[in-house]
Number of protein chains: 2
Amino acid sequence: MAHFFREKLKEKGLKVTPQRVAIYEAIVNLKNHPTAENVIEYIKLNHPNISVGTVYKVLDSLVENELLKKVKTEKDIMRYDAVLSNHHHLYCIETERIEDYEDENLNEMISNYFKNKKIKNFKVQDIKLQITGKFNK
Amino acid sequence: MAHFFREKLKEKGLKVTPQRVAIYEAIVNLKNHPTAENVIEYIKLNHPNISVGTVYKVLDSLVENELLKKVKTEKDIMRYDAVLSNHHHLYCIETERIEDYEDENLNEMISNYFKNKKIKNFKVQDIKLQITGKFNK
DNA sequence: TATCTAAAAGATAATCATTCCTATTTAAGA
DNA sequence: TCTTAAATAGGAATGATTATCTTTTAGATA
């Protein structure tokens, strides 16, 4: 995992720094699509000297270089996702929980639909589902 | 339009104030899913005495009372939508443009799909598509 | 129509996540 | 090991949003 990340950084011409590795690991370990603040808090435990500004900068540059994804939320706070494969999200209406949802059949069905049905004046590049609902206890 | 809004306010037990009407009209007139700031700027033209705090408070309460919807964006800025019917959004990757996309057939297809295919431990309540791509010039 | 009252608005201060700035440090190629 | 551009630390600045407190007002009631 860390190895994959290091390789990806190199590919993109980014330096492999302990800060970047720690921040990436934080996102992976934290699960549930952490916010920048979640990451900062988590990072502090084992890397108390990594500065807040660095976390923001690293998150931005990782998103820009496609090593992380941003997840849209109802709230105005950004959350981050280390899963890069094409997937959708389940949003819980009761809690802040967000889970990944992968479904190849669904992807295929939708992609077929838009092969026939064109949207006027718009070229589709990517389709993501926000599936809102409730997790069973 | 303004009439519909006034009735809705009454239904919800909210007072019909000039501020609320002006802010609602701003959202409708501005099209393209304005931000709070867009609204503030627009409002200033004809209602220079409506305060910034009021705009935020009104937007919040209208969303809470389902007279407006929030639109998720890549950026961490919330945008607002006066269209309440079930619809999806087209996001332009080049500009900030967001357009509504209504498609009954699509809704039906997806809803059928999830009638059969259940998601484990999750009760689906609503599904929204974020369709990313490019508008033709 | 005048009175009353809770709700709403205004004004401004406070908050707080994010960005900016600059000196210092460091990854990694020569 | 040396060099240098890139990255980080630390802290100040920003700016959107929220909170607070006072004044105003919508709308119910008499």
Side-chain angles (χ1 to χ4, degrees), chain A residues 2-3 5-26 33-44 46-65 67-68 70-80 96, chain B residues 2-3 5-26 33-44 46-65 67-68 70-80 96:
Chain A
H3 185 258
F5 180 65
R6 285 161 196 275
E7 287 309 308
K8 274 282 190 183
L9 283 177
K10 281 179 193 163
E11 266 177 42
K12 296 284 181 174
L14 298 172
K15 289 184 180 172
V16 178
T17 66
Q19 290 86 345
R20 284 177 173 154
V21 173
I23 289 164
Y24 181 76
E25 281 177 348
H33 309 79
T35 63
E37 288 205 278
N38 296 151
V39 173
I40 290 163
E41 204 179 330
Y42 182 90
I43 286 279
K44 276 221 183 87
N46 296 309
H47 306 268
N49 37 349
I50 293 183
S51 84
V52 170
T54 298
V55 175
Y56 283 103
K57 263 181 292 183
V58 167
L59 289 174
D60 277 359
S61 84
L62 295 185
V63 170
E64 202 166 324
N65 286 281
L67 289 169
L68 290 179
K70 283 190 176 184
V71 181
K72 295 175 168 73
T73 68
E74 290 294 344
K75 307 281 170 61
D76 53 359
I77 296 171
M78 270 302 135
R79 293 170 66 161
Y80 296 87
E96 305 281 82
Chain B
H3 186 259
F5 179 66
R6 283 159 196 277
E7 287 309 308
K8 276 281 189 182
L9 283 176
K10 281 179 192 162
E11 265 176 42
K12 298 283 180 174
L14 298 172
K15 289 183 181 173
V16 178
T17 66
Q19 291 85 347
R20 284 177 173 154
V21 173
I23 288 163
Y24 181 78
E25 282 177 346
H33 310 78
T35 63
E37 288 205 277
N38 296 151
V39 174
I40 289 163
E41 202 179 331
Y42 182 90
I43 286 279
K44 276 222 183 88
N46 295 309
H47 307 268
N49 37 349
I50 294 182
S51 83
V52 170
T54 298
V55 175
Y56 283 103
K57 264 182 290 184
V58 168
L59 289 174
D60 276 359
S61 86
L62 295 185
V63 169
E64 202 165 325
N65 287 281
L67 290 168
L68 288 180
K70 282 190 178 183
V71 181
K72 296 173 165 71
T73 67
E74 290 295 342
K75 306 281 171 64
D76 53 358
I77 296 171
M78 272 300 139
R79 293 169 66 162
Y80 296 87
E96 306 280 83

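Just so it is clear, the values below take in all heavy atoms, side chains as well, and ignore hydrogens, waters and symmetry mates. In what follows, every chain begins at residue 1, and chains take the letters A, B, ... in the order their sequences are listed.
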Inset, instruction - Please test A:Tyr56 against A:Ile40 for side-chain contact (heavy atoms from CB on, under 4.5 Å), starting from the C-alpha separation and ending with a verdict. - result: CA-CA 9 Å; A:Tyr56 283 103; A:Ile40 290 163; 3.8 Å; yes

Can you check the [X] [atom1] to [N] [atom2] distance for me, whole Å?
| X | N | atom1 | atom2 | result |
| --- | --- | --- | --- | --- |
| A:Ile23 | D:dA7 | CD1 | P | 13 Å |
| A:Leu59 | C:dT19 | CG | C1' | 14 Å |
| A:Lys70 | C:dA17 | NZ | C1' | 13 Å |
| A:Leu9 | C:dG29 | CG | P | 13 Å |
| B:Glu64 | D:dT18 | CD | P | 12 Å |
| B:Ile50 | C:dT12 | CD1 | C1' | 18 Å |
| B:Asn65 | C:dA7 | CG | C1' | 13 Å |
| B:Arg20 | D:dT25 | CZ | P | 15 Å |

Legend entry - A:Lys12 atom NZ, neighbour heavy-atom count above 12 within 6.0 Å: yes

Inset, instruction - Please say whether more than 12 non-hydrogen atoms of neighbouring residues, nucleotides or ligands are located less than 6.0 Å from CD in B:Glu7. - result: yes

Just compare [options] and give me whichever is closest to any side-chain atom of [X].
| X | options | answer |
| --- | --- | --- |
| B:Lys57 | D:dT8, D:dT17, C:dG10 | C:dG10 |
| B:Asp60 | C:dT26, D:dT18, C:dA8 | D:dT18 |
| B:Val16 | D:dG27, D:dA16, C:dA9 | D:dG27 |

Inset, instruction - Return the 5'-most residue of the pair B:Lys15, B:Val55 with respect to DNA chain C, ranking by each residue's nearest nucleotide. - result: B:Lys15

Output yes when at least one side-chain N/O atom of [X] is less than 4.0 Å from OP1 or OP2 of [N], else no.
| X | N | result |
| --- | --- | --- |
| B:Gln19 | D:dT24 | no |
| B:Ser51 | C:dA11 | no |
| B:Tyr56 | D:dT17 | yes |

Inset, instruction - Heavy atoms only: give me the nearest A:Ala26-A:Val39 pair and the separation to one decimal. - result: CB-CG1, 4.1 Å

Legend entry - Sugar-phosphate only, base, or nothing, as touched by B:Pro18 at under 4.0 Å among non-hydrogen atoms: sugar-phosphate

Legend entry - Comparing B:Thr17 and B:Ile40 on DNA chain D - which has the more 5′ nearest nucleotide: B:Ile40

Legend entry - N/O donor-acceptor pair under 3.5 Å between A:Arg6 side chain and A:Val16 backbone: no

